[in-house]
Amino acid sequence: MKNYEVIKMKLSIYIRIIFSSLLFMSGMVVHAQTIPLTVISHPADAPADLKQSELKSILLGEKQRWKNGKKIEVALLKTSTAAGKEVCTKVYDMSADEVKKYWLAMVFQGKAEAPSFFNTVGELQAFVSENPGAIGIVDQIPNSPGIQVVMVDGKKTF
Amino acid sequence: MHLNSSVFSKFLLRSLGVAVFYLCISVCMNAQSTLIKGFIDAGITYEKDKVAFNFGEQDLFITSKLSDRFSFLGETVFKFDSHSETNFSVSIERVVLKYNINGNHNLLIGKHHTPLNYWNDTYHHGRLFFPTIDRPLLFSAGIVPLHTTGISLQGHDLGKLKWGYDLMIGNGLGSADVSDNDNHKSYTAAIHCKPVDRLRIGASYYYDVISAGAEIHQEVVPQQVNQQLYTGSVSYFGKKIEVLAEATTGVNQTDSTGNAQTLAMYVYGGYKLSEKWIPYFRFDKINYDEEELFYNNNDATAYLLGLRYQVNYLVVLKLEYQHEEHEVGDDNDRVKFQAAIGF
């Protein structure tokens, strides 16, 4: 009996360890697959919500002014960051290199100004809060009076 | 080859002058967003049993945001020029002052690449962006005017189909960058749309009167030519497949020949084996009217097979086999390698 209870106890511990490990690993896999993104803007000019297609049009340099005529200033995290890579995939449907080449070509053709690229979320948020017309994408929902969260297709993150 | 020292000094002074000009612009505009970039290529050619090393144009490119609505773009090229005493020359390829009128509508003034077709309007002098090593034959054959100095209205990404347009009036062929050689102006009207992602369909019309005595590509035009160019283009650069096809019909009318109609076209196709490796081909064809006097009347066919390797967005390597035939003259085969970079 005693042996049986010891075995049962050990088995229970092993199962808990395995189950916890699986839970932990599945969380890592989910995290590696996708990063929720949030669109932020200076509160003065950008709308409170956008369609995904409109957001893409802005980030491709196709739409260059807000309805009130204010110039759109695009702010992005560098493509070497995890969130920057996620923007390339989710919004541009391009690799990081393709996005950089796209913008180099647009500037070279005289069609648009390149976005401002930042190393950290803090730098990007500071730029957006200080520049009317600015819009950017980060990987966290900010809590700052100088920044507006822009809903995309009715959601705070996408 | 003997280089006259005073001539070389003049070239050096001119080049320094251009560099200082750009430096002054960037210093004066340091409160604005000023960007200086460059492009250059180097390569190896095997042709007629001979291997030759070569380098292409050094393309200096500057943009500056001057105000909320004004911006500047300049493109200057340093290139080999056998007609120059030093074998090199500096050429101002683009000087464009742009004013954003409203939304996606702009007014541009200066020297532009004539917005006649996709290749000219998209790739300019940046070999880094060329899908092939060289431009299509219709450019080296002088079928289309590469540059126009003038004024234009331009619009882009309008409506659901992302329409764009260019309406331009310029000095026309035979003119210098700073003056018009006659009372005639050139007119360009171009329109395009992007109905789905990565697809662009365009058409354009160009009209010019080239006066007798005008000098075009170091040759004097003996009689007046009324020129009309009709161009259509389709481009699709997708995730796997790349297609670019353009055709221009040039109608050159003179008193002696009436209307001479020339057709110049090319088709490019590429397939992305991966993001980095892209095999491709291009087919070029130019058929001249028998009565054609303005163009160099020599039918041409060319095809090439190539492989492009994208090291990254600033470095591209290309290897091609090219075959070219002309109605008059020998066929030509060559193998070319090019490393094109941006900096």
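Everything numeric in this text was worked out from a predicted model, so none of it was measured. Per chain, numbering begins at 1; letters A, B, ... match sequence-line order.
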Checking B:L128 against chain A: side chain, backbone, both or neither under 4.5 Å from a heavy atom? both

More than 12 foreign heavy atoms under 6.0 Å from NZ of A:K156: is that the case here? no

What part of B:D197 gets within 4.5 angstrom of chain A, counting heavy atoms only: side chain, backbone, both, or neither? side chain

Quick test of your reading of the model: are B:K272 and A:E98 salt-bridged, counting only N-O distances below 4.0 Å? yes

Atom CG of A:N143: over 12 foreign heavy atoms under 6.0 Å: no

Using a cut-off of under 4.5 Å for heavy-atom pairs, which of B:R69, B:H113, B:H124 has the most such pairs with chain A? B:R69

pair B:Q310-A:D97: side-chain heavy atoms closer than 4.5 Å: no

Would you check if B:K37 and A:L104 make a side-chain contact, meaning some heavy-atom pair closer than 4.5 Å? yes

Heavy-atom nearest pair, A:K71 first then B:D68, reads CB-OD1, 3.5 Å

Heavy-atom cut-off 4.5 Å, strictly under: side chain, backbone, both or neither for B:L108 against chain A? neither

Quick test of your reading of the model: are A:K111 and B:D157 salt-bridged, counting only N-O distances below 4.0 Å? no

Which of the residues A:E113, A:M94, A:K67 is involved in the greatest number of heavy-atom pairs with chain B at under 4.5 angstrom? A:E113

Closest non-hydrogen atom pair between B:E275 and A:S95, with its separation: OE2-OG, 2.7 Å

Side chain, backbone, both or neither of B:N312 within contact of chain A (heavy atoms, under 4.5 Å): both

Identify the two heavy atoms, one from A:F108 and one from B:L73, that lie closest to each other, and give their separation to 0.1 Å. O-CD1, 4.0 Å

Determine, for A:E73 against B:K65, whether the closest basic-nitrogen to carboxylate-oxygen distance falls under 4.0 angstrom. yes

Under 4.5 Å from any heavy atom of chain B, what part of A:E62 do you find: side chain, backbone, both or neither? both

Could you check whether any side-chain heavy atom of B:V316 comes within less than 4.5 Å of a side-chain heavy atom of A:K101, counting everything from C-beta outward? yes

Quick one: what part of B:H125 sits under 4.5 Å from any heavy atom of chain A, side chain, backbone, both or neither? backbone

If one checks every heavy atom of A:V99 against chain B at 4.5 Å, the contacting part turns out to be neither

If we only count heavy atoms from C-beta on, is the B:N100 to A:R65 side-chain gap below 4.5 Å? yes

Checking B:Y123 against chain A: side chain, backbone, both or neither under 4.5 Å from a heavy atom? backbone

Given side chains that start at C-beta, do those of A:D93 and B:K239 come closer than 4.5 Å, heavy atoms only? yes

Tell me whether the count of non-hydrogen atoms from other residues, nucleotides or ligands lying under 6.0 Å of CD1 in A:I141 goes above 12. yes

B:F55 atom CZ, over 12 foreign heavy atoms within 6.0 Å: no

Sort B:T122 into side chain, backbone, both or neither according to what part of it lies under 4.5 angstrom from a heavy atom of chain A. both

